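Predicted model only: the values in this text are computed from it and were never measured. The chains referred to below are lettered A, B, ... by the order of the sequence lines, with proteins before strands, and numbering in each begins at 1. Only this structure's heavy atoms are used, side chains among them; waters, hydrogens and symmetry mates stay out.
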Amino acid sequence: MSRLLQTFRDLDNKKALIPFVTAGYPHPHLTVDIMHELVRQGADVIELGMPFSDPMADGPVIQKSSESAIKQGIGIEKTIDLVKQFRQQNNSTPVVLMGYLNPVECMGHDHFVSAAKSAGVDALLLVDSPPEESSDILQQLKTNQLEQIFLIAPTTTEKRMTMICEHASGFVYYVALKGVTGSADLDADSVNADIKKIKQHTDLPVAVGFGVKDAASAVAVAEVADAVVIGSALVSALGDCDDAATAAKVIADFIKPIRTALDSL
Amino acid sequence: MTIKYSEYPDSKGHFGQFGGVFASETLMHCLEELNQAYARLKHDPEFLAQFNQDLADYVGRPSPLYLAERLTKHSGGANIWLKREDLNHTGAHKINNTVGQILLAKAMGKKRIIAETGAGQHGVATATVCARMGLECVVYMGEVDIERQAINVYRMKLMGAEVRSVDSGSKTLKDALNEAMRDWVTNVDDTFYIIGTVAGPDPYPQMVRDFNSVIGKETKKQFAEKVGGLPDALVACVGGGSNAIGLFHPFLDDESVAIYGVEAGGLGPETKEHAASITAGKVGVLHGNRTYVMSDSQGQIIETHSVSAGLDYPGVGPEHAFLNETGRAKYVTINDDEALKGFHDLTRIEGILPALETAHAVAYAQKLAATMQPGQNIIVNLSGRGDKDVHTIAAIEGVMV
């Protein structure tokens with residue numbers, strides 16, 4: 001059984017918490033420690049951003065973190081290495097790589113997928129590769145028992161929703177707002193209504209992200225969803241950390257209230 | 001097998017392995033809507049009549065096809081003809097596309113227009129049609145480009161557009177495009193994004209091409225009237241490639257016509273300082289389509305260099321990538337210094353100030369003409385006028401203006 005499937009199965013009715021961090025930010029030597037600390041504080045799945053120079057779907061926080069990571073020499077191959085290091089001490093928490101297609105194309109689909117597989121990556125989310133354009137990489141991922149996460153947006157029609165759910169595995173990621181990552185203004189009612197609709201099309205868990213920033217916003221959208229993704233607010237909080245101890249404290253302060261709030265649902 | 005170029009892209013927006021729709025999910029529905037609207041309107045007689053009337057009465061088309069006799073004599077060899085897109089309203093070919101897209105935006109009931117710009121020509125062309133239609137207009141422009149194209153920034157503001165400075169990444173055209181995409185994804189319900197080149201996700205590459213194809217259609221007719229038959233070669237500069245594809249497309253199925261796209265060689269394609277995506281880039285995905293991109297070993301898009309802001313782009317329209325792969329068009333480079341010489345030659349010998357982008361095509365045409373026979377004919381797309389570049393050129397040459 002895949003780590004993702006196992007994780008969601010073990011949750012019972014608890015909500016999964018999926019923090020996103022940019023690989024190599026704020027410093028490459030902190031990333032693995034940050035990942036372990038996230039797990040200690042209650043993360044169920046980790047989304048690790050592969051830094052890209054032109055992150056079109058991301059807001060300023062993740063853009064800046066990507067620029068910083070790239071400047072410190074972190075690209076797609078080093079990101080995969082960081083997962084490999086993480087796996088030396090953790091063999092149960094699923095890791096989803098999130099990013100953009102060009103670095104993957106540049107590395108070559110087959111080379112990328114086999115490297116990711118052997119490092120212990122569980123799934124891949126490529127923001128700019130919808131199912132229509134993903135047939136080749138999907139095939140490679142399937143062959144290697146890796147999962148491809150697809151996005152569903154507030155603008156997605158039911159017809160597309162059906163098509164996306166047919167291709168998706170692992171979980172479905174619902175983009176809670178029209179906009180880039182880290183935007184404000186979530187409309188919880190419409191998010192919950194949309195997730196209900198998605199659940200008519202798939203048995204996969206549904207995660208919700210983009211615009212979730214704290215315990216209150218997490219609880220507001222977690223009512224119907226199975227998981228909540230928190231990215232920009234966490235990345236922003238980690239920005240000034242220079243050592244593992246400081247990062248651990250920031251993570252505890254940030255994650256604990258959200259974990260507690262989700263568990264009270 | 002003969003390729004029928006007029007049949008591309010396919011129904012999914014692909015030109016062979018290039019093109020496609022690599023967009024985030026939030027945009028997929030509106031791209032589909034745009035696709036349907038365009039598919040319907042591009043054959044609609046009323047829409048086309050309005051488009052053609054606007055091109056005639058507002059843009060000032062047809063633009064002349066001019067035999068540059070003194071430049072021909074100076075270069076030696078084939079006749080050099082200039083398709084005078086610089087004489088269009090706003091001074092470049094860009095207006096052909098914005099006149100078309102604004103009609104589409106109106107037909108779709110969109111209230112707000114956004115655009116990206118590099119040299120500022122597309123920004124000006126968008127601000128122009130927005131002023132004419134009374135629509136809100138926001139133009140994204142890299143901080144570096146705002147600096148080097150101050151006149152165009154002011155022109156846009158005069159016409160009521162808001163120019164938003166982009167300070168992410170390399171602070172040039174590619175980053176302006178990213179920022180416009182971010183705006184679009186946020187305001188997708190009421191906003192129409194007028195992309196200025198033949199890049200972006202489908203249907204943009206075909207739509208921008210179709211609106212600019214008036215260049216090639218007129219050229220074909222004018223050449224037949226003035227000389228008879230077909231020209232021997234076409235030359236145009238290629239950044240994203242909208243002026244080039246506009247000239248090339250109506251000639252693609254005419255095999256006897258040689259086609260040359262001129263990329264920005266910057267300090268030389270063998271250095272890192274250039275913007276020659278086809279000549280020196282590799283296949284990748286950028287801004288919604290698969291094409292040749294300039295990226296490093298990790299797939300990060302690298303900063304490009306060209307003396308001309310309009311060619312300073314690390315990708316190229318997917319149809320050009322396709323034409324390169326099939327060999328139908330040949331892509332060459334002209335370096336900064338050669339382009340500057342092309343600028344001066346045309347200015348001094350013909351009294352026409354070309355844009356620095358266009359000067360790349362002029363410089364290559366001079367080289368090409370010298371290798372051809374007298375009596376043969378080259379057509380250069382004189383895509384824009386150079387007034388906007390006068391300060392840049394003065395600065396390079398140490399002249400105080």
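- Inter-residue side-chain proximity for B/Q300 and A/C106 is flagged as unmet; no heavy-atom pair is nearer than 4.5 Å.
- In this structure, B/L177 and A/D54 have side chains that are not in contact, with every pair of non-hydrogen atoms separated by 4.5 Å or more.
- Considering only heavy-atom pairs separated by less than 4.5 Å from chain A, the leading option among B/E32, B/K174, B/K12 is B/K174.
- The shortest side-chain heavy-atom distance between B/M28 and A/P130 falls under the 4.5 Å cut-off.
- A side-chain donor-acceptor contact under 3.5 Å links A/E133 to the backbone of B/V21.
- A/N102 places a side-chain N or O within 3.5 Å of a backbone atom of B/G299 that can act as its donor or acceptor partner.
- Using modelled atom types, one side-chain atom of A/T155 and one backbone atom of B/T26 make a donor-acceptor pair closer than 3.5 Å.
- A donor-acceptor pair under 3.5 Å links the side-chain atoms of A/S53 to the main chain of B/I301, judged by distance alone.
- Using non-hydrogen atoms only and a strict 4.5 Å limit, no part of residues 194-202 of chain B faces chain A.
- Contact annotation for B/H14: only side-chain heavy atoms (C-beta onward) come within less than 4.5 Å of a heavy atom of chain A.
- By the 4.0 Å N-to-carboxylate-O rule, A/E105 lies close enough to B/R290 to be salt-bridged with it.
- Remark: the backbone N or O of B/E25 is not paired with any side-chain donor or acceptor of A/R160 at under 3.5 angstrom.
- Contact detail for B/T186 and A/V180: the closest heavy-atom pair is OG1-N, 4.2 Å.
- Residue A/M56 forms a side chain to side chain contact (heavy atoms under 4.5 Å, CB included) with just one option from B/V185, B/N178, B/L27, and that option is B/N178.
- Formation of a donor-acceptor pair under 3.5 Å by the B/R182 side chain with backbone atoms of A/D58 is found in this model.
- Remark: A/F52 CZ to B/L286 CG distance equals 6.0 Å, nearest 0.5 Å.
- In this structure a side-chain-to-backbone donor-acceptor pair under 3.5 Å is missing from B/Q298 to A/P103.
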